Amino acid sequence: MQKVRTRIAPSPTGDPHVGTAYIALFNRCFAQQHGGEFILRIEDTDQVRSSAKSEQDILNALNWLGLSWSEGPDIGGEFAPYRQSERSALYNAEILKLLENQHAFRCFCTSERLQDLRVKQMGEKSTIGYDGHCLQISAEEVANKISRGEEHVIRMRIPEAGDCVFNDLLRGEIRIAWQQIDMQILIKSDGLPTYHFANVVDDHHMKISHVIRGEEWINSTPKHLLLYQYFGWEPPVYCHMPLLRNTDKSKLSKRKNPTSIGYYRDMGYLPEAVVNYLGMMGWTMPDGREKFTIQEMTASFDLSRVSLGGPVFDVTKLDWLNGKYIRENLNDEQFANLFAEWAFKPEKVARIIPLLKERVERFTDVAPLAAFFFAGLPEIDATRFEHKKLSQEDSRKILQFILWQLEQLRGFDRDDIEAACLGLAETLNTKIRDLLFPLFVAISGKSTSTSVIDSISILGLDITRARVRYAISVLGGISNKEAKAFEKEFRELGQASDKQLTND
RNA sequence: GUCCCCUUCGUCUAGAGGCCUAGGACACCGGGUUUUCAUCCCGGCAACGGGGGUUCGAAACCCCCAGGGGACGCCA
């Protein structure tokens, strides 16, 4: 039998997501249980959104959780490079085969035309997808357009009739009509491959035997399978895991839950507990044990024990588990070491000291003043936000606007944050002093504290987001109606483009 | 709108036709231990979405419905 090889293929376009860790965990357990390999590949074909920092954060986060891999961009391996941006030559060579066989074609349609088409199809009741417009263009015409340097993409052809039937390891037979499948773009006009193309090409060349991924990919599996068929390659076994959910059952999102692995690290969870908790999402040990290590999970792993209902990521149970780990797994010395390592990172302390020094008269003043740097959520209620000029709604709005503003920052230095706050104060025509007041309370729990801008920079976005959101909820929360109004206003202030706010 | 996936306590889940009066865990409530609190221990509350089949027997198998979720990007 073919050697088992699985992979996690994150896209470095944001914070390291617990969903990534979740899928990585199952891939790793499955591979190791079969004596195979678990590898990491970076899917950075989105030139605009990918960043080196995000890639590094993701690697750090997975390593922190102990989800190590045996091949990857950081350690190399037989099938290097493991970063898609470095594999263009391969994609270029492979797409040529498809073009030659007429399995793919060049498309010169403008995004405006495609947008109109989509709107029209929405209006009718038909399936949304490309209408095959450029399929009509003759070979000479295509050659002409190319010689003229016209911008274009490459799409794959899709059978006009019939069904794609495939087997999912957990769900059994899945049948999707080809008419439902769009003529997927394989190569973008910037010459880089889309996910669908790069993913299939790499999985084949990296000899991936089992693709264990989120349920969100079920509908695009036919495209992937068709590519394997076009190339004459043997496809992998597919297995679609349930999606982690918010409390309201929607797909786990940053808006409704802390999704960044960094958040859990900064909040003082133990990596073993977080991984254990993820292992309990949709899976159970055969003997029903709830506390188990990743090694124990691997040893008893059985993919068929995955249950398919989307598990709600409920921090309450994680809290209980983490407490159990702290009590049962750490002796006093280990606790002391881990705590010190977590709390007193030299670079963090070095930044906090100057802020404290100018405000204390005795060392006994330090702890009360600095406590919020080491705490989770502050103990606050609505009365804490009472202000002569700001109503509760004003405060909610300011906090939400600041949060949106912070989430768009590329850097997180005090100057970046200060600029963002000053800019917002100006566009809102509010004094910076008033604007910052609710932020002081949200972050430090008090209206007087060390510089809130420096503090935010030190605490980081994950913790800041959690506290600002908590403050908003303490202030009564934002209703759907209010949220819409806020978004509209924020956009009109020219603070965000259309997509930025809704993106996760 | 079109298609796909899913459905057991509030939450994570056990359950592979009789062991199910549906089990465990978190949360919650009550009690005990503890100088308080927490921990720890004991107890309690609480679920098979609905309707049809199949079967001697259905939480489990089939069908329909409903509900939830996902996908429909030159994002992944």
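Worth saying up front: this structure is predicted, and the values here are computed from it rather than measured.
Residue-to-nucleotide contacts include a donor-acceptor pair under 3.5 Å from the side chain of A:Lys317 to the base of B:A25. Between the base of B:C75 and the side chain of A:Arg49 there is a donor-acceptor pair shorter than 3.5 Å.
With 3.5 Å as the limit, one finds no donor-acceptor pair spanning the side chains of A:Glu234 and A:Tyr228. Donor-acceptor pairing under 3.5 Å is recorded for the side chains of A:Asp248 and A:Ser250. For A:His240 and A:Arg171, the side-chain atoms include no donor-acceptor pair closer than 3.5 Å. Looking only at atom types and distance, the side chain of A:His152 has a donor-acceptor partner in the side chain of A:Arg106 under 3.5 Å away.
Searching all strands for a Watson-Crick or G-U wobble partner of B:U7 with both distances below 3.5 Å returns B:A66. Summarising the base pairing, B:G17 is matched to no nucleotide, lacking a Watson-Crick or G-U wobble pair whose two defining distances lie under 3.5 Å. Nucleotide B:C61: paired with B:G53 (Watson-Crick or G-U wobble, both distances less than 3.5 Å). Base pairing of B:U2 is made with B:A71, judged by Watson-Crick or G-U wobble geometry with both donor-acceptor distances under 3.5 Å. Base pairing of B:G43 is made with B:C29, judged by Watson-Crick or G-U wobble geometry with both donor-acceptor distances under 3.5 Å.
Screening A:Arg213, A:Arg7, A:Arg5 for a salt bridge (Lys or Arg N to Asp or Glu O under 4.0 Å) with A:Asp203, the sole residue that qualifies is A:Arg7.
Here A:Glu290 lies in heavy-atom contact (under 4.0 Å) with a base. A:Gly309 comes within 4.0 angstrom of sugar-phosphate atoms only, judged by non-hydrogen atoms across all strands, and of no base. Within 4.0 Å of A:Thr194, counting heavy atoms only, lie sugar-phosphate atoms of the nucleic acid but no base atom. A:Gly282 comes within 4.0 angstrom of sugar-phosphate atoms only, judged by non-hydrogen atoms across all strands, and of no base. Base engagement by A:Cys109 is indicated by at least one non-hydrogen atom pair under 4.0 Å involving a base atom. Among the atoms of the strands shown, none is found under 4.0 Å from any heavy atom of A:Thr13. Contacts of A:Arg213 with the nucleic acid, taken as non-hydrogen atoms under 4.0 Å apart, are absent. Counting non-hydrogen atoms under 4.0 angstrom, A:Ile187 reaches nothing in the nucleic acid. As judged by a 4.0 angstrom heavy-atom cut-off over every strand, A:Ser250 is placed among residues touching the sugar-phosphate backbone only. Among the heavy atoms of the strands lying under 4.0 Å from A:Val153 is at least one base atom, whether or not backbone atoms are also near.
Taking atom C1' on both nucleotides, B:C9 is separated from B:C48 by 10 Å, rounded to a whole Å. Taking atom P in both B:U39 and B:G23, one finds a spacing of 25 Å when rounded to whole Å. B:G10 and B:U2 have their P atoms separated by 32 Å, with the value rounded to a whole Å. As rounded to the nearest Å, B:G24 and B:G32 have P atoms that lie 23 Å from one another. Rounded to the nearest Å, the gap between the C1' atom of B:G17 and that of B:C62 is 14 Å. Atom name C1', nucleotides B:C20 and B:A47: the rounded distance is 13 Å, in whole Å. As rounded to the nearest Å, B:C37 and B:A59 have P atoms that lie 45 Å from one another. Look at the P atom in both B:C3 and B:A58: the space between them is 34 Å, to the nearest Å.
One interatomic measurement links the two molecules: NE2 of A:His240 to P of B:G70, which rounds to 16 Å at whole-angstrom precision. Counting to the nearest Å, the P atom of B:C26 and the CE atom of A:Met280 are 10 Å from each other. Taking atom CG of A:Leu308 as the reference point, atom P of B:G69 lies 17 Å away to the nearest angstrom. Spacing between atom CH2 of A:Trp217 and atom P of B:C5 amounts to 18 Å, rounded to whole angstrom units. Separating the CZ atom of A:Phe292 from the P atom of B:G24 is a distance of 19 Å, rounded to the nearest angstrom. One can place NZ of A:Lys249 at 8 Å from C1' of B:U11, the figure rounded to the nearest angstrom. Taking atom CD of residue A:Gln47 and atom P of nucleotide B:A76, one finds them 11 Å apart after rounding to whole Å. The distance between atom OH of A:Tyr277 and atom C1' of B:C12, rounded to the nearest whole Å, is 6 Å.
OP1 or OP2 of B:G73 has at least one side-chain nitrogen or oxygen of A:Arg118 nearer than 4.0 Å. Applying the 4.0 Å criterion to OP1 and OP2 of B:A14, one finds that A:Thr284 has a side-chain N or O inside that range. Between A:Arg289 and B:G24 there is no side-chain N or O to OP1 or OP2 distance below 4.0 Å. Contact annotation: A:Lys251 side-chain N/O to B:A71 OP1/OP2 distance is under 4.0 Å.
The residue among A:Thr45 and A:Glu215 whose nearest nucleotide of RNA chain B is located toward the 5' end is A:Glu215. Between A:Glu151 and A:Ser304, the residue anchored nearer the 5' end of RNA chain B, judged by the nucleotide with its closest heavy atom, is A:Ser304.
Residues A:Glu43 and A:Arg83 are not paired through a salt bridge, judged by the lack of any N-O separation under 4.0 Å between the basic side chain and the carboxylate. Taking 4.0 Å as the cut-off between side-chain N and carboxylate O, A:Lys188 and A:Asp46 do not count as a salt-bridged pair.
Side chain of A:Ser307, nearest nucleotide from B:G70, B:U11, B:A14: B:A14. Of the candidates B:A76, B:A14, B:G70, B:A14 carries the atom nearest the A:Arg305 side chain, counting heavy atoms from C-beta on. Closest to the side chain of A:His196, from the set B:A76, B:C3, B:C5, is B:A76.
When side chains are defined from C-beta on, A:Trp283 counts as touching A:Phe301, because their heavy atoms get closer than 4.5 Å.
Every residue two or more places apart in sequence or in another chain was checked for a side chain to side chain donor-acceptor pair (under 3.5 Å) with A:Arg467, and none qualifies.
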Shorter than 3.5 Å, N or O on both sides, protein versus nucleotides 40-51 of chain B: list them out with atom names.
residue : atom : partner  : partner atom : Å
B:C40   : OP1  : A:Arg327 : NH1          : 3.1

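The backbone N or O of A:Val315 sits nowhere less than 3.5 Å from a side-chain atom of A:Tyr277 that would complete a donor-acceptor pair.
Counting non-hydrogen atoms of other residues, nucleotides and ligands closer than 6.0 Å to CD of A:Glu328 gives a total above 12.
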